[in-house]
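Before any comments, here is the structure.
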Amino acid sequence: MRDVESQLAYLSRGVDRITPEAEFRQKLERSVKSGTPLRVKYGIDPTGIDVHLGHTVPLRKLRQFQDLGHKAIIIIGNYTALVGDPSGRDETRARLTKDQVEANARDYLEQVGRLIDLDRAEVHRNGDWFARFSFLDVLELTRKMTLGQISAREDFAQRIAAEKPVYLHECLYPLMQGWDSVEIKADVELGGTEQLFSLLVARDLQESQGQPPQVAMTMPILVGTDGTRRMGKSLGNYIGVADAADAMFGKIMSIPDEPMRQYFTLLTEIPIPEVDRLLDPALNPRDAKEALGRAIVAQYHGAEAAETAARAFRKRAAGEDPDVVPEVAVSAARLDAAQSLPAFLLLKELGLEPSASSARRLIEQGGFNIGPDREVVTDPKAPITIHDGLIVRAGKRRIARVRLTP
RNA sequence: GGGUGGAUACCCAAGCGGCCAAAGGGGCCAGACUGUAAAUCUGGUGGCUAUGCCUUCGCAGGUUCGAAUCCUGCUCCACCCA
C-alpha cells in the first residue's frame, strides 16, 4: 500500500472538499499502519437506468480508492426506489415493483461494472436492513434530526422560499442514507457537493451508535452538454457510459469550450500540466476537445474505437459522407410512372424526417441534397428520380442510401 | 376542514369572445459563418401529397354566428389558515 502523502495526492484530484480533512489523514495513517483498507461508500438509487458521466465522477473516485487497495462499497437504494419518490412533480412516477427495482439494480451494476471492479467490491441493497425496520425504528431515527436542521439545508430553504413543495419523505432521505453508513460502517463516503448535508448526517448517526464517524468527500457537479446545468437524464444533456463510441465522441465535441477543464479534471487521468498545455488559448480548442473525447471514449470502448470515432467525426466536420451509409429499403410500388417521388415524401419514406410537414420545412430551408454531387433541391414537391443506391442527405448529420425493393 | 391561486404546444410562460396553430424565452432543427456537432448571426419549429383542410389550450357539457378566452360540473396541482 502506498504511503499517506502519495495517497492523499492521488485522491485529491477533482475533489471539492474533504470534511473534516484532518480526520481523513488520520484514517489514512491508521490504515497504512495497520494494513487495513478503508471502507469507502457510494450509494445510488436504481430508479432510472442510464449511468452517465456525471455519475462517473464519484464512481471514478471510488475506483481510485480501489486501486489504492481500499474497499469499495456500493449501496443500491432499492428500498427508497421501491417506496417511490413522488417528487417527480407533474407525472406521478409509476410505482416500481420489486421486480423492476431488482432489474434496474442489476442493470445499474452492469453499467457500474465498467468503472468499478465489482469482484473486489461489496454491494449492498439498503432494503436488506430497511425492510426490517419497524415504525418504532423509524421514529427513533427521526429523533436524530430537527426541522430546523432540515430546513436549513440550502435546497430545501430555496424551495420553501419559492413556495415549492417539500415532502416529508424527502426529509427522511438524509437519515436513511446516513443509516446506510451505520450499517456498513463506512470510513469515507463519496458524493456530489450537494450531498454534503446527507454525508454529514451519517456522522451523527454513526456516533450515536458508538462508531467512529465517516469522512465526507465531495466532488463538483459535472455540467451537462449544454455547459450550464448539471448533467442529468431529465435535462437531456447527458452522455451515457453505455453510449456508442461515435455518439459519445460527438456529444463530447458538442459541449461548449468553457467546461473542458472540468471534464479533463473529473473525467480523465490526463495530468494537469498536460491539460494546461492543451487548453492554451493560443491553440485550437477543437484539438483539446478532440483529445478529451478520445480520452473519455477510450475508457469505455478502447483506444482503437476512440480513434475511429475521432476520425469519423473529422470526416463529417469536413462535410464528407461517413464510411458506412445506412441503407433503407424503398418499395418500387411507391414510385410513380417516371420512377420518381416528391422530395418531401422521399424523406419521410426513408425515415429521415418524422412527418411530411417537417420534411417540407427541411427542404425549404436548404437542408436536402442528393447524389454524389450533393444536388440541393429546395422545392418540397420536386420529383426525385429514384434509383437503387441513391444517397439522400437531410441536414449535415442524417444520411441514407436508397435500396429499391420490388 | 376553510380560503386563495393555478392547469396553454417538448419545457417555462403570455393570451382573457373574432385579427389564435396561439406572443416571448429555452430546447430542438435548418442555413450562414467558423479553428469544433463551441461561439455568433438568420430562419424554422401540430398534422395532412396542402395556397386549403383537420386536430390542439386539464376533462365533460353549455352560451354564442364565433370560445384558449364566458357559464356549469368534474379531475388534478400548489400555497395560506386551522
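Remember, predicted model here, so these are calculated numbers, not experimental data. Each chain gets a letter, A, B and so on, in the order the sequences are listed, and its residues count up from 1. Reckoned from all heavy atoms, side chains included, excluding hydrogens, waters and symmetry mates.
- B:G43 and B:G18: their C1' atoms are spaced 30 Å apart (whole Å).
- Within the 4.5 Å cutoff, no side-chain heavy atoms of A:Asp137 are placed close to those of A:Phe130.
- A straight line from CG of A:Asn237 to P of B:C11 spans 17 Å, rounded to a whole angstrom.
- Note on residues 370-379 of chain A: pairs passing side chain to side chain donor-acceptor pair (under 3.5 Å), not counting sequence neighbours, are A:Asp321-A:Arg374.
- Here the separation of B:A21 from B:G31, taken at their C1' atoms, is 25 Å to the nearest Å.
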Review point. Dot-bracket, RNA chain B: Watson-Crick or G-U, under 3.5 angstrom, [ ] crossing, | other strand?
Key: ((((((((.[[[..)..(.....]]]((((((.......))))))(((...)))...[[[[[..)....]]]]]))))))).
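- Nucleotides B:G17 and B:C71, compared at atom C1', are 13 Å apart to the nearest Å.
- Pairs of residues two or more places apart, or lying in two chains, that qualify as salt bridge (Lys or Arg N to Asp or Glu O under 4.0 Å) and include a residue from residues 351-366 of chain A are A:Glu353-A:Arg398.
- Atom NZ of A:Lys185 and atom CD1 of A:Ile73 lie 10.5 Å apart (nearest 0.5 Å).
- Listed by first and then second residue, the salt bridge (Lys or Arg N to Asp or Glu O under 4.0 Å) pairs that reach into residues 238-258 of chain A are A:Asp243-A:Lys251, A:Asp257-A:Lys289, sequence neighbours excluded.
- Between B:C54 and B:A9, the two P atoms lie 22 Å apart (nearest whole Å).
- Taking for each of A:Ser355 and A:Ala247 the nucleotide of RNA chain B with the nearest heavy atom, the 5'-most of the two is the partner of A:Ala247.
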Check: protein-nucleotides 50-53 of chain B nitrogen or oxygen pairs below 3.5 Å:
unit_1: B:A50; atom_1: N6; unit_2: A:Ser357; atom_2: OG; d: 3.4
unit_1: B:A50; atom_1: N6; unit_2: A:Arg360; atom_2: NE; d: 3.1
unit_1: B:A50; atom_1: N1; unit_2: A:Arg360; atom_2: NE; d: 2.9

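- Using modelled atom types, no side-chain atom of A:Asp187 and backbone atom of A:Leu38 make a donor-acceptor pair closer than 3.5 Å.
- Partners of A:Ser340 by side chain to side chain donor-acceptor pair (under 3.5 Å), not counting sequence neighbours, listed by chain and number: A:Asp336.
- Between the P atoms of B:A23 and B:C19, the separation comes to 13 Å (whole Å).
- At whole-Å resolution of the value, CG in A:Asp287 and P in B:U34 are 18 Å apart.
- For A:Asp276 and A:Arg261, the salt-bridge test passes: some basic side-chain N is under 4.0 Å from an acidic carboxylate O.
- To the nearest whole angstrom, the two P atoms, one in B:G73 and one in B:C11, are 30 Å apart.
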Please enumerate all protein N or O atoms sitting under 3.5 Å from an N or O of nucleotides 25-32 of chain B, with distances to 0.1 Å.
unit_1: B:C29; atom_1: O3'; unit_2: A:Arg398; atom_2: NH2; d: 3.0
unit_1: B:A30; atom_1: OP1; unit_2: A:Arg398; atom_2: NH2; d: 3.0
unit_1: B:A30; atom_1: O2'; unit_2: A:Gln365; atom_2: O; d: 3.0
unit_1: B:G31; atom_1: OP2; unit_2: A:Lys396; atom_2: NZ; d: 3.3

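- Counting heavy-atom neighbours within 6.0 Å of A:Arg314 CZ, excluding the residue itself, gives a total above 12.
- For the segment residues 253-267 of chain A, residues with any heavy atom less than 4.0 angstrom from an atom of RNA chain B are, sorted by number, A:Met253, A:Ser254, A:Ile255, A:Pro256, A:Asp257.
- The side chain to side chain contact (heavy atoms under 4.5 Å, CB included) test applied to A:Pro213 returns A:Glu23, A:Arg203, A:Gln206, A:Glu207, not counting sequence neighbours.
- Counting non-hydrogen atoms of neighbouring residues, nucleotides and ligands closer than 6.0 angstrom, the CZ atom of A:Arg120 exceeds 12 such neighbours.
- Residue-level contact check: A:Arg316 touches the bases, meaning some heavy atom is under 4.0 Å from a base atom.
- Rounded to whole Å, the separation between the P atoms of B:G47 and B:C29 comes to 16 Å.
- Of the residues in residues 288-308 of chain A, those lying under 4.0 Å from RNA chain B by heavy-atom distance are A:Lys289.
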Review point. Does the pair A:Gln262 and A:Leu267 meet the rule for a side-chain contact (heavy atoms from CB on, under 4.5 Å), with working shown?
Key: CA-CA 8 Å; A:Gln262 190 192 34; A:Leu267 303 175; over 6 Å; no
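- Between A:Glu364 atom CD and B:U45 atom C1' the separation is 13 Å, expressed in whole Å.
- Looking only at distances, a side-chain donor or acceptor of A:Asp388 sits under 3.5 Å from a matching main-chain atom of A:Leu404.
- Salt-bridge formation is detected for the pair A:Lys315/A:Asp323: a Lys NZ or Arg NE/NH1/NH2 atom is positioned less than 4.0 Å from an Asp or Glu carboxylate oxygen.
- For the pair A:Glu320 CD and B:U36 P, the computed distance is 13 Å after rounding to whole Å.
- When the P atom is used for both B:U55 and B:G61, the distance is 15 Å, rounded to whole Å.
- Sorted by first and then second residue, the pairs that involve residues 191-202 of chain A and meet side chain to side chain donor-acceptor pair (under 3.5 Å), not counting sequence neighbours, are A:Gln177-A:Gln195.
- Applying the ring-ring contact (aromatic ring centres under 6.0 Å, His included) rule to pairs touching residues 234-286 of chain A yields A:His52-A:Tyr238, A:Phe249-A:Phe313, sequence neighbours excluded.
- Between A:Phe24 and A:Phe65, the ring-plane angle classifies as perpendicular under the 30° and 60° cut-offs.
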